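Below you'll find the structure, written out as structure tokens, and then a few comments.
It should be emphasised that the depicted structure is a prediction, and the values quoted were computed from it without experimental measurement. Quick note: residue numbers are just sequence positions, from 1.
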Amino acid sequence: MKSLFEIKTEIPFDLNVFECMKKIAVESLSGTEKNQHTQAIVLFSTAGNKYSAIIKNALSKERLDEKALLEKLKIANDTEIRYVLCMWQDNGIDIPSYNSREMLCELNPENKKSLIFVMTKDGVSLIELSATMK
């Protein structure tokens, strides 16, 4: 598999959605303690709602922050996700951890079709969540 940086997808998307999600991530991270394993996850549901969480330690096996985010989706009865954005403290955009992606798919099998924003040599691109699970 090519590195995510080398992938160029032709999946069209609304740049305003990306900018809005990025702004939420940046604002969320600005109020957190600096830690190299801290990241913001922003989800945009197919219903048009945005959800976000700070993952204090992306290497944690407990996944408490991710579980809390998914619980918000369950409570809102809004579990089908269209877009996913994951941002590190340094504002780098990356895919969420394998466990986080797996949890999204367990929450709703349709989330295998979710689109994850990634940075490539050509700028912002999208990759389908299922393609990252191989």
Side-chain angles (χ1 to χ4, degrees):
M1 184 172 142
K2 288 183 177 180
S3 82
L4 291 177
F5 186 72
E6 295 175 307
I7 291 174
K8 178 172 172 59
T9 63
E10 300 298 327
I11 302 170
F13 66 93
D14 183 345
L15 192 57
N16 291 326
V17 170
F18 170 74
E19 291 297 334
C20 178
M21 292 176 74
K22 181 180 168 187
K23 181 179 178 189
I24 291 168
V26 168
E27 288 174 356
S28 297
L29 287 167
S30 70
T32 62
E33 185 177 319
K34 300 293 182 208
N35 177 336
Q36 72 180 45
H37 302 299
T38 299
Q39 58 185 203
I41 303 285
V42 181
L43 306 174
F44 188 90
S45 74
T46 56
N49 300 310
K50 294 168 209 72
Y51 302 90
S52 64
I54 293 296
I55 311 304
K56 294 176 206 79
N57 182 355
L59 303 179
S60 169
K61 293 185 191 242
E62 288 84 31
R63 303 276 170 228
L64 297 176
D65 298 323
E66 292 93 330
K67 289 176 184 175
L69 175 59
L70 297 182
E71 190 61 29
K72 286 182 201 177
L73 300 173
K74 286 181 196 175
I75 290 169
N77 195 28
D78 191 16
T79 62
E80 190 174 339
I81 302 303
R82 176 74 178 138
Y83 296 111
V84 178
L85 184 131
C86 174
M87 181 181 284
W88 292 96
Q89 275 279 348
D90 66 0
N91 291 351
I93 295 173
D94 199 358
I95 62 173
S97 70
Y98 184 87
N99 287 335
S100 295
R101 290 175 277 138
E102 187 174 56
M103 290 169 66
L104 268 175
C105 293
E106 288 170 359
L107 177 68
N108 185 330
E110 289 297 311
N111 288 338
K112 291 177 184 172
K113 299 175 189 170
S114 297
L115 300 171
I116 303 172
F117 287 102
V118 293
M119 293 306 294
T120 68
K121 61 185 176 187
D122 298 316
V124 179
S125 196
L126 290 168
I127 187 167
E128 193 169 280
L129 190 149
S130 62
T132 70
M133 301 299 282
K134 298 175 181 174

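Side-chain atoms of N16 and C20, non-hydrogen and from C-beta on, never get closer than 4.5 Å to each other. Between V124 and K22, every side-chain heavy-atom pair lies at or beyond the 4.5 Å cut-off. Using a 4.5 Å cut-off on side-chain heavy atoms (C-beta onward), E80 and N111 make contact.
L59 and I95 fall into different hydrophobic clusters, defined by Ile, Leu, Val, Met, Phe, Trp and Tyr side-chain heavy atoms under 4.5 Å apart, directly or through other members. Under the 4.5 Å side-chain heavy-atom criterion for Ile, Leu, Val, Met, Phe, Trp and Tyr, I81 and I75 are members of distinct hydrophobic clusters. A single hydrophobic cluster is seen to contain both M119 and L126, as judged by linkage of ILVMFWY side chains at heavy-atom distances under 4.5 Å, directly or through other members. Both L43 and Y98 belong to a common hydrophobic cluster when Ile, Leu, Val, Met, Phe, Trp and Tyr are linked at side-chain heavy-atom distances under 4.5 angstrom. Hydrophobic cluster membership is shared by V42 and V17, with clusters built from Ile, Leu, Val, Met, Phe, Trp and Tyr side chains linked at under 4.5 angstrom.
Contacts classified as side-chain hydrogen bond (donor to acceptor under 3.5 Å, both in side chains) and involving residues 40-51 (residues at least two apart or in different chains) are given here: S45-D78, N49-D78, Y51-D78.
With sequence neighbours left out, E27 forms a side-chain hydrogen bond (donor to acceptor under 3.5 Å, both in side chains) with no residue at all. For T38, the side-chain contact (heavy atoms from CB on, under 4.5 Å) criterion is met by L29, T32, N35, I54, Q89, not counting sequence neighbours. Not counting sequence neighbours, the partners of T79 by the side-chain hydrogen bond (donor to acceptor under 3.5 Å, both in side chains) test are N108. Shown here are the side-chain hydrogen bond (donor to acceptor under 3.5 Å, both in side chains) partners of K67, two or more places apart in sequence or in another chain: there are none. For E33, there are no side-chain hydrogen bond (donor to acceptor under 3.5 Å, both in side chains) partners two or more places apart in sequence or in a different chain.
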Next on the checklist: The test is side chain to side chain contact (heavy atoms under 4.5 Å, CB included); show your working for I41 and E66 and say whether it passes.
Outcome noted: CA-CA 9 Å; I41 303 285; E66 292 93 330; 5.7 Å; no
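Judged by distance alone, with hydrogens and angles left aside, the side-chain atoms of K72 form a donor-acceptor pair with the main-chain N or O of S52 at under 3.5 Å. Not one N or O on the side chain of S114 forms a donor-acceptor pair closer than 3.5 Å with the backbone of L129. The main-chain N or O of N99 is never found under 3.5 Å from a side-chain atom of R63 such that the two would form a donor-acceptor pair.
By the 6.0 Å contact criterion, CG on N77 is open, its count of non-hydrogen atoms from other residues, nucleotides or ligands being 12 or less.
Note that CG of D65 is 9.0 Å distant from CG of L69, once rounded to the nearest 0.5 Å. Of the inter-residue distances, the one linking R82 atom CZ with K113 atom NZ reads 10.5 Å to the nearest 0.5 angstrom. Atom OG of S60 is separated from atom CD1 of I55 by 9.5 Å, given to the nearest 0.5 angstrom. Taken from CD in E106 to NZ in K112, the straight-line distance is 10.0 Å, to the nearest 0.5 Å.
For the side-chain contact (heavy atoms from CB on, under 4.5 Å) with P96, the qualifying choice from T132, V84, L85 is V84, the only one to do so.
Here the closest heavy-atom approach between residue T120 and residue S125 is recorded as CG2-CB, 3.7 Å. Closest non-hydrogen pair, F117 versus I93, comes out as O-CG2, 3.5 Å. The shortest heavy-atom contact between F44 and M21 is CB-SD, 3.8 Å.
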